Amino acid sequence: MKKGDHLFLVDGSGYIFRAYHALPPLNRKSDGLPIGAVLGFCNMVWKLTQDARNTDVGIVPTHFAVIFDYSSKTFRNELYAEYKANRTAPPEDLIPQFGLIRQATRAFNLPCIEMDGFEADDLIATYARLACDVGADTTIISSDKDLMQLVGPTVSMYDPMKDRQIGVPEVIEKWGVPPEKMIDLQALTGDSIDNVPGVPGIGPKTAAQLIEQFGDLDTLLARASEIKQDKRRQSIIDNAEKARISRELVRLKNDVPLVDGLDDFALQPPNGPKLISFLKALEFSSLTRRVAEATGAEPNEIEATRITVQTGAEAHGPDLDALVSGSLEGEARAQRPEGTQPSVTPSRAEGATPATLAKSRAEAAVAAKIDRSKYECIRDIATLQAWVAEAREAGTVAFRTETTSLDPMLAELVGFSLAIRPGRAAYVPIAHRSSEGDLLGGGRSPNQVSFDEALAAIGPLLIDPSVLKIGHNVKYDWLLLHRLGLDIAPFDDTMLISYVLDAGNGSHAFETLAERWLGHAVIPFKDVVGSGRNLVTFDFVEIERATTYATEGSDLAMRLWRVLKPRLVANGLTSVYERLERPLVPVLARMEGRGISVDRQMLSRLSGELAQRAAALEDEIYTVAGERFTIGSPKQLGDILFGRMGLPGGSKTKSGQWSTTAQILEELAAEGYELPRKIVDWRQLTKLKSTYTDALPDYIHPETKRVHTSYALASTPTGRISSSEPNLQNIPIRTAEGRRIRTAFIAEKGNKLISADYSQIELRVLAHIADIPQLTQAFADGVDIHAMTASEMFGVPVEGMPSEVRRRAKAINFGIIYGISAFGLANQLSIPREEAGDYIKRYFERFPGIRDYMEQTKASCRDKGYVETIFGRRAHYPEIRSSNPQHRAFNERAAINAPIQGSAADIIRRAMIRMDAALAEAKLSARMLLQVHDELVFEAPEEEVEATLPVVREVMAGAAMPAVNLAVPLQVDARAADNWDEAH
DNA sequence: AGGTTGACATA
DNA sequence: GTATGTCAACCTT
């Protein structure tokens, strides 16, 4: 073990007692063996070892051990015979679980540590101290106050029941004393459960106050006569010796002679078959499924371990804990875990490691034939119920809906398909209609399960926590079914799995993935519903045709999942998927479903005004130009300006036409030409009109009267989400004209809109990633970052700095984030390329760490083909190896930008994932409506606004924690108003 | 009818 | 210099 490593020590004995009392009792179905606490233990260990970023600890352990009490007789009994003397026997149905929990530990391939004469707490204290000695961090998995004395800079605790980390501040908050004073505090208060005497009449509050007053126990005892309260003073004087004994009882021994060293605790990957074998024996179906998914093992092919439960005197050890230590059959009871030999080996060609499994699955998938003739069409409720039962038995089912619209807010359910395993798939038509014989085309096709019956049959499966639903772009189905009152869970999304694996490597569309991974061309949707004037909604598609199309969809989704999910494990990306990607689906679906209010009248008035002003400008333009032409045609405009009128032409576009960008026209306007200014103004007006004032009202939903955007989770290589139909991430803000459109986004009556945005999040992320002292200091001090940059670069004091100097520094800062080039900076600042090059040179002299970051990022991307965010998300740029210098340079800039943009995107994702629970916890009814990259927009009742603002700020500002402890603070500005413009 | 281009809105 | 999405015009099918 070395510096930077992280040791997890689970207080196994403490956990089992707590889990037994906190969790609902549970018995093994087949024979009634009590297993509730063991399940709790297994779930916790799985979570901690598999995806530690999923917990409040937020750290992946490098070393891991579970510590148990061995015997109730320890050295403490020699100090004080009564120690733990009043301990009662554990409940009947807990007794067999002591042994099972040790078996579980071994099944997880984890060290199972205990020692005669010492409590688990002493072993934990000793290992934590050893870890500290080599510079490693320790997290103790326990919430026992007896262990809090160990908390310090390198040691923290984690309460697995409450998913809460306990550090120095938490100890102080709870007990009123810092961890190092916990021993003195406990010496005074004593402990009735362990029969530690303490001082009668002194509880935690008084003890904390006394320690605060006197500093420590010895001083307190020496100066007890100074205590004012008569009874208290007397009690302390009388019981001084008891307090001293108590102190020795609660003081943990951190020099226990150990058998196992820290290096024996290096965390091993789980052995899927071995673990599943154990979990199956205890009939933990849900966890078995999760473990199977994560390890890529095939549970159906693994036999359950035969478990023996020893409860009598034949078991070894003098104490109850040990009395009930059962063991895996045929396995000697060991102090240490067995090697990684699986007790059951996987059959067939399934690989033993995630990587080989991923490979074999991929090969098998391409080789497999897809036989559409085997697809079934379910026409009656009994058959559907049989399929649902089969799906429940299987534990995984691919599911997809067929509807009348690509927009889940408008779509009506027409049918759905299921796939239980490759080739075993069916379609359930429920609302197909026939156009034959009826000119209005309203006839319901015969032999369909009724809508209500079908939903009643499939609904329980969709929300069954032990059945994994597989889909592609689940957000669509989730929102559709959410409208029908069903929230799908748990689920996997092949689109998102592909995105996590391959962001930057092409499309994640279903068709693309089926082709790429299964070598199969899907039936094009167009071939089913037609196009142009022949386009029909899905309810008018013939059921036979619909069956083939829809069933193939589920079948392929199942096959795709079987290929992609093991790749996730093999690439170590499970936690990115489960932490950053999948949980966002319900969050975004709900946001889309809520929509936002837009003032139709206001937009209409604005549209009329814009039309008038544009028309007036058109007349002026024709007059100045001397002819009528299509102003909106860059080709015609370029020919008139630079051809016929002979204005000094700037550059040409790649297709050889005159470029007429706003920048060029602005420059011409500055030189005194009349027409370019008018064109720029006309473009602004018509842009605002066509894209916003005219288009937005058409998106107002007929029933909700609100605008519902659609968020794309898998459309950017960096991890940002995008918004479309309508795009609410590009509503104008920079110009006064544009902001008027923003004022049309309003809160419902009695509510306010709250806008909360991160200040300079990308520069802060850059300061963290590249570790730039001046930048982290500047952000810590809260100074104007652009002015600081200017001051550093040009030697100009911040006080009285000319705005132009600051503007240039600001452009450079942005340029840095974008992977700066002299060409781009020169363009942005309208300065010669040489001058821009000088700026960049000077910048790198002042901030050499940035150049280092850029060079390292490029080199690493060339080497690996991808870059990573601080949370481990990957963005691929294979073209960075291109031989085309321009193309290569472009990819280099993108690769430099991606970790910055992507880390910021991950941070706000984390905030969004936590937000709803945080608001609910604070009993607030604010609803998250929009995300604009570094901004979240909420709607909240007026009277809750003041209480909502700090909750929103805290969740956003703390979003990186605890997975990443940023070197800079995150600043969040939040405001409420009646409309979006004033709130922002 | 569908795809591409140039322009421009946002972070 | 990064990342998007939408519009009108224009070209191809």
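Convention: sequence-line order gives letters A, B, ...; per-chain numbering from 1. In this text, all values refer to a predicted model and were calculated from it rather than measured experimentally.
- Every residue two or more places apart in sequence or in another chain that forms a side-chain contact (heavy atoms from CB on, under 4.5 Å) with A/Ser531 is listed here: A/Lys526.
- Among the atoms of the strands shown, base atoms are found under 4.0 Å from some heavy atom of A/Ser821.
- Across all strands shown, A/Phe814 has no heavy atoms under 4.0 Å from either base or sugar-phosphate atoms.
- Within 4.0 Å (heavy atoms only), A/Arg533 reaches no atom of the nucleic acid at all.
- In this structure, the side-chain contact (heavy atoms from CB on, under 4.5 Å) partners of A/Pro832, at least two apart in sequence or on a different chain, are A/Glu834, A/Glu835.
- Side-chain contact check for A/Ser723 and A/Thr709: at least one donor-acceptor pair (N or O, by modelled atom type) lies under 3.5 Å.
- On the nucleic acid side, DNA chain B has its first and last nucleotide under 4.0 Å of a heavy atom of chain A at B/dG2 to B/dA11, going 5' to 3'.
- With hydrogens and angles left out, the side-chain atoms of A/Asp906 and A/Thr869 include a donor and acceptor closer than 3.5 Å.
- In this structure, A/Phe794 has its ring center under 6.0 Å from that of A/Tyr839.
- For A/Arg644, the side-chain contact (heavy atoms from CB on, under 4.5 Å) partners at least two apart in sequence or on another chain are A/Ala625, A/Glu627, A/Ile640.
- For A/Tyr673, there are no ring pair (Phe, Tyr, Trp, His ring centres under 6.0 Å) partners at least two apart in sequence or on another chain.
- Under 3.5 Å, the side chains of A/Gln971 and A/Asp973 contain a donor-acceptor pair of N or O atoms.
- In this structure, the side-chain contact (heavy atoms from CB on, under 4.5 Å) partners of A/Leu688, at least two apart in sequence or on a different chain, are A/Leu610, A/Gln684, A/Tyr692, A/Pro732, A/Glu737, A/Ile741.
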With the criterion being N/O to N/O and under 3.5 Å, what pairs connect the protein with nucleotides 6-8 of chain C, and how long is each?
unit_1 : atom_1 : unit_2   : atom_2 : d
C/dT6  : OP1    : A/Glu725 : N      : 2.6
C/dT6  : O2     : A/Lys687 : NZ     : 3.4

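- Counting any heavy atom pair closer than 4.0 Å across all strands shown, A/Ile820 reaches a base atom.
- Looking at residues 633-640 of chain A, you'll see A/Ser633, A/Gln636 sit with a heavy atom under 4.0 Å from some atom of DNA chain C.
- Atoms CZ (A/Phe629) and P (C/dA9) sit 12 Å apart, rounded to a whole Å.
- For the pair A/Val937/A/Phe745, no side-chain contact is recorded, criterion being any heavy-atom separation below 4.5 Å from C-beta on.
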For residues 713-722 of chain A, tabulate all N or O donor-acceptor pairs below 3.5 Å that involve a side-chain atom, not counting sequence neighbours.
unit_1   : atom_1 : unit_2   : atom_2 : d
A/Ser715 : OG     : A/Ser722 : OG     : 2.9
A/Thr716 : OG1    : A/Thr718 : OG1    : 3.4
A/Thr716 : OG1    : A/Gly719 : N      : 3.2
A/Thr716 : OG1    : A/Arg720 : N      : 3.0
A/Thr716 : OG1    : A/Arg720 : O      : 2.8
A/Thr718 : OG1    : A/Arg720 : N      : 3.4
A/Thr718 : OG1    : A/Gln901 : OE1    : 2.7
A/Arg720 : NH2    : A/Glu762 : OE2    : 3.3

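- Note on A/Leu688: nothing from the nucleic acid sits closer than 4.0 angstrom, heavy atoms only.
- Contacts between residues 884-909 of chain A and DNA chain C, counted as heavy-atom distances below 4.0 Å, involve A/Phe890, A/Arg893, A/Ala894, A/Asn897, A/Gln901.
- Residues satisfying the ring pair (Phe, Tyr, Trp, His ring centres under 6.0 Å) test with A/Phe938, not counting sequence neighbours, are none.
- Using a 4.0 Å heavy-atom distance criterion, A/Ala826 is classed as making no nucleic acid contact.
- The list of ring-ring contact (aromatic ring centres under 6.0 Å, His included) pairs with a residue in residues 882-913 of chain A, not counting sequence neighbours, is empty.
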